[in-house]
There are 2 protein chains.
Amino acid sequence: MKPLAITLGDAAGIGPEIILKAFRDAPDILRGCFVAGDAAVLRRAASWVPGVELALIQAPREAGVQASQTVPVLQVATLDGEAAVGQVSAAAGRLAGRCVSWAAQAALRGEIAGLVTAPLHKEALSAAGAPYDAFPGHTELLQAEAAAFLGKPVTEVPVRMMLANEELRTVLVSIHVSLRAALDAVTQDNVLQTLRITHRALSLLLGRKPRIAVAGLNPHAGEGGLFGREEIEAIVPAMMEARAEGLDVHGPLAPDTVFMRARRGEFDVVVAMYHDQGLIPVKYLGVEQGVNVTLGLPLVRTSPDHGTAFDIAGTGKADASSLVEAVRMAQRLARRG
Amino acid sequence: MKPLAITLGDAAGIGPEIILKAFRDAPDILRGCFVAGDAAVLRRAASWVPGVELALIQAPREAGVQASQTVPVLQVATLDGEAAVGQVSAAAGRLAGRCVSWAAQAALRGEIAGLVTAPLHKEALSAAGAPYDAFPGHTELLQAEAAAFLGKPVTEVPVRMMLANEELRTVLVSIHVSLRAALDAVTQDNVLQTLRITHRALSLLLGRKPRIAVAGLNPHAGEGGLFGREEIEAIVPAMMEARAEGLDVHGPLAPDTVFMRARRGEFDVVVAMYHDQGLIPVKYLGVEQGVNVTLGLPLVRTSPDHGTAFDIAGTGKADASSLVEAVRMAQRLARRG
């Protein structure tokens with residue numbers, strides 16, 4: 001497998017230190033990974049993560065030949081200002097954005113197997129200036145890079161977020177919009193597109209046809225139209241089209257039990273109609289192991305399911321386990337790809 | 001403590017058999033309970049629940065003096081037709097309704113400590129004729145009985161559903177309406193009423209001031225108005241009024257982590273803005289132990305968190321553990337009341 005890039009994330013947050021911890025504490029899993037970042041930022045983080053050594057590399061292919069627990073670093077961008085720990089800064093936002101752009105382009109050119117992104121901070125990205133201030137987060141930045149590479153408008157590179165942990169996978173029809181806007185996004189087209197993206201990604205991940213559960217939007221999935229008609233008017237028609245294309249889709253199922261059923265093994269993934277419908281069950285047992293996967297892009301991208309945690313950055317307390325899981329997930333996707 | 005009535009539920013469903021199993025398998029917990037039902041229906045169920053004996057009693061107070069594992073039965077109504085196992089029937093609907101009406105009135109008069117209701121079937125209740133066909137379920141029937149007893153219109157007897165298991169309690173602002181209608185129900189008045197009802201019930205249950213978490217409606221609780229304004233316009237104003245009344249309310253908190261936080265012990269209860277927001281986490285770990293509590297009524301009422309399960313009725317397979325938990329919850333509420 002080609003090397004996997006881990007992007008630095010916001011230099012003022014927990015990103016640099018959880019990257020170092022991951023290499024130190026899970027060396028077998030991190031073998032073949034390297035940091036796309038700035039060595040100086042990592043050196044600072046190393047002062048509160050004892051027992052790690054950095055090794056500057058000149059190209060991704062040098063990642064695999066380092067000694068275990070050594071952290072291979074490719075200097076893809078340099079901090080051009082201050083980035084005090086726990087503080088929003090334009091310089092940290094720019095650096096984080098540049099690392100992601102570099103890694104996205106490397107992945108699109110086929111030089112690396114994919115990217116695992118440490119968390120960035122929305123406000124820092126917004127303060128970073130053009131082009132980064134145009135993107136609310138990683139997903140939109142990656143979508144723009146992919147669209148530019150493919151020569152398509154971004155609207156023709158639809159993406160969906162998958163959240164996964166050891167027990168449950170869920171793909172969301174919409175994410176960061178009000179619940180009222182999320183209701184309006186439950187259209188036949190959006191649901192069908194979500195089903196197709198889910199099928200493609202899970203087929204890759206599992207090596208077989210995935211069993212896709214589709215959650216209803218309304219309580220009891222509408223109970224035959226008694227509590228809302230979106231199931232009848234949008235979800236079922238989308239499912240019928242998906243079935244005609246050979247997809248193994250089940251539902252629409254009562255939202256309050258479909259996740260429990262998937263957790264018990266009845267389905268491989270649940271397509272959720274809105275952000276919290278999918279994220280409440282994924283996060284219920286604890287956020288440490290959650291992994292975020294961007295589906296629909298012509299590259300592999302995963303990330304831990306938490307933010308920059310400015311409040312504990314610099315203390316060495318941050319838990320790297322979600323990042324380690326994100327690496328494992330990226331490796332699995334890249335191996336099958 | 002006064003005796004606790006367990007109402008028969010739909011005679012064609014699993015109600016009668018889980019009642020018998022509960023008395024047989026959890027005699028210490030069921031001590032002081034009796035069945036408000038029809039002995040003939042229970043005798044039929046006894047044929048697929050071996051090892052139970054029925055004892056007809058003449059008044060609730062005789063419930064506590066029966067031998068362990070004997071099931072005290074008060075004949076409060078009689079099946080007036082056929083009730084084939086697993087089939088919807090008007091006779092079973094009427095019988096179920098009559099048992100509930102009897103128990104509600106007995107509780108309102110102070111003759112019993114409260115009622116635990118075995119599941120009834122909506123269609124059977126609807127087929128049962130007046131007055132039962134006017135009620136979609138237990139809650140509305142109990143609300144009508146309470147209103148009649150108090151001499152008030154039902155609108156002045158607001159009720160809320162609480163779902164609880166060993167790990168989590170949640171009280172819902174609305175229940176069986178479309179998600180679109182549930183959004184419209186997130187008003188300052190409805191949220192405040194839910195907070196007051198929650199505070200009163202949990203104070204009783206815990207014997208101290210409850211720590212109430214309030215879930216947002218939108219992703220990330222709206223992120224300061226970026227993803228919806230219901231938090232700013234309805235939820236926060238209701239919380240401020242509640243705080244002025246001395247309630248310990250926290251939030252509005254991100255819906256995707258508030259339940260995980262409550263499960264870890266940070267809060268005693270989560271006020272959820274709609275049906276699935278609260279029920280997805282409560283049911284995620286399995287439905288067997290869930291208990292449904294009707295709050296706001298001048299009586300104690302709990303029920304298991306499942307339906308009549310016509311598909312397995314009469315096989316003896318039904319699991320009584322949710323009913324046993326409902327009995328324990330009713331005892332706790334009645335003891336403090």
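Proteins get letters first, then strands, A, B, ... in listed order; numbering begins at 1 in each. From a predicted model like this one, the values you see are computed outputs, not experimental measurements. What's counted below: heavy atoms across the whole structure, side chains too, no hydrogens, waters or symmetry copies.
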Exercise. Rounded to the nearest 0.5 Å, what separation is found between the CG atom of A/Leu183 and the CG atom of B/Leu183?
Worked result: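 With rounding to 0.5 Å, CG (A/Leu183) is 5.5 Å from CG (B/Leu183).
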Exercise. How many angstroms lie between atom OG of B/Ser178 and atom CD of A/Glu231, to the nearest 0.5 angstrom?
Worked result: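 Between B/Ser178 OG and A/Glu231 CD, I get 9.5 Å after rounding to 0.5 Å.
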Problem set entry | B/His275 portion near chain A, given a 4.5 angstrom heavy-atom threshold |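 Contact with chain A: side chain only.
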For this session: Please state whether the side chain, the backbone, both or neither of B/Leu226 comes within less than 4.5 Å of a heavy atom of chain A.
Result: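 Neither part.
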Exercise. So, for B/Arg264 and A/Leu285, which heavy atoms are closest and what is the spacing to 0.1 Å?
Worked result: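 Nearest heavy atoms, B/Arg264 then A/Leu285: NH2-O, 4.4 Å.
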For this session: Work out which heavy atom in A/Asn218 is nearest to a heavy atom in B/Leu179; give both atom names and the distance.
Result: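 Closest approach of A/Asn218 to B/Leu179: OD1-N, 2.8 Å.
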For this session: Could you tell me which of B/Pro281, B/Gly228, B/Ala181, B/Gly278 has the largest number of non-hydrogen atom pairs under 4.5 Å with chain A?
Result: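 Heavy-atom pair counts peak at B/Pro281.
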For this session: Quick one: which of B/Glu167, B/His220, B/Gln277 has the most heavy-atom pairs under 4.5 Å with chain A, could you say?
Result: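 The candidate making the most pairs under 4.5 Å is B/His220.
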Exercise. Should the pair B/Tyr284 and A/Tyr284 be assigned to parallel (<30°), tilted (30 to 60°) or perpendicular (>60°) ring geometry?
Worked result: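 Plane angle over 60°, so perpendicular.
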Exercise. Taking everything shown except A/Glu123 itself, do over 12 heavy atoms lie less than 6.0 Å from its CD?
Worked result: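 No, because the 6.0 Å sphere around CD of A/Glu123 holds 12 heavy atoms or fewer from other groups.
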Exercise. If you count the non-hydrogen atoms of other residues, nucleotides and ligands that lie under 6.0 Å from CD in A/Glu266, is the total more than 12?
Worked result: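 Enclosed.
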For this session: Could you please spell out the steps behind the side chain to side chain contact (heavy atoms under 4.5 Å, CB included) verdict for A/Arg261 and B/Lys283?
Result: CA-CA 10 Å; A/Arg261 291 170 63 178; B/Lys283 295 196 173 180; over 6 Å; no
For this session: Flag the one option from A/Leu279, A/Asp276, A/Ile175 with the top tally of heavy-atom pairs under 4.5 Å to chain B.
Result: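 Ranked by contacts with chain B, first place is A/Asp276.
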Exercise. Do the non-hydrogen side-chain atoms of A/Glu223 and B/Lys122 ever get within less than 4.5 Å of each other?
Worked result: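 Yes, side chains in contact.
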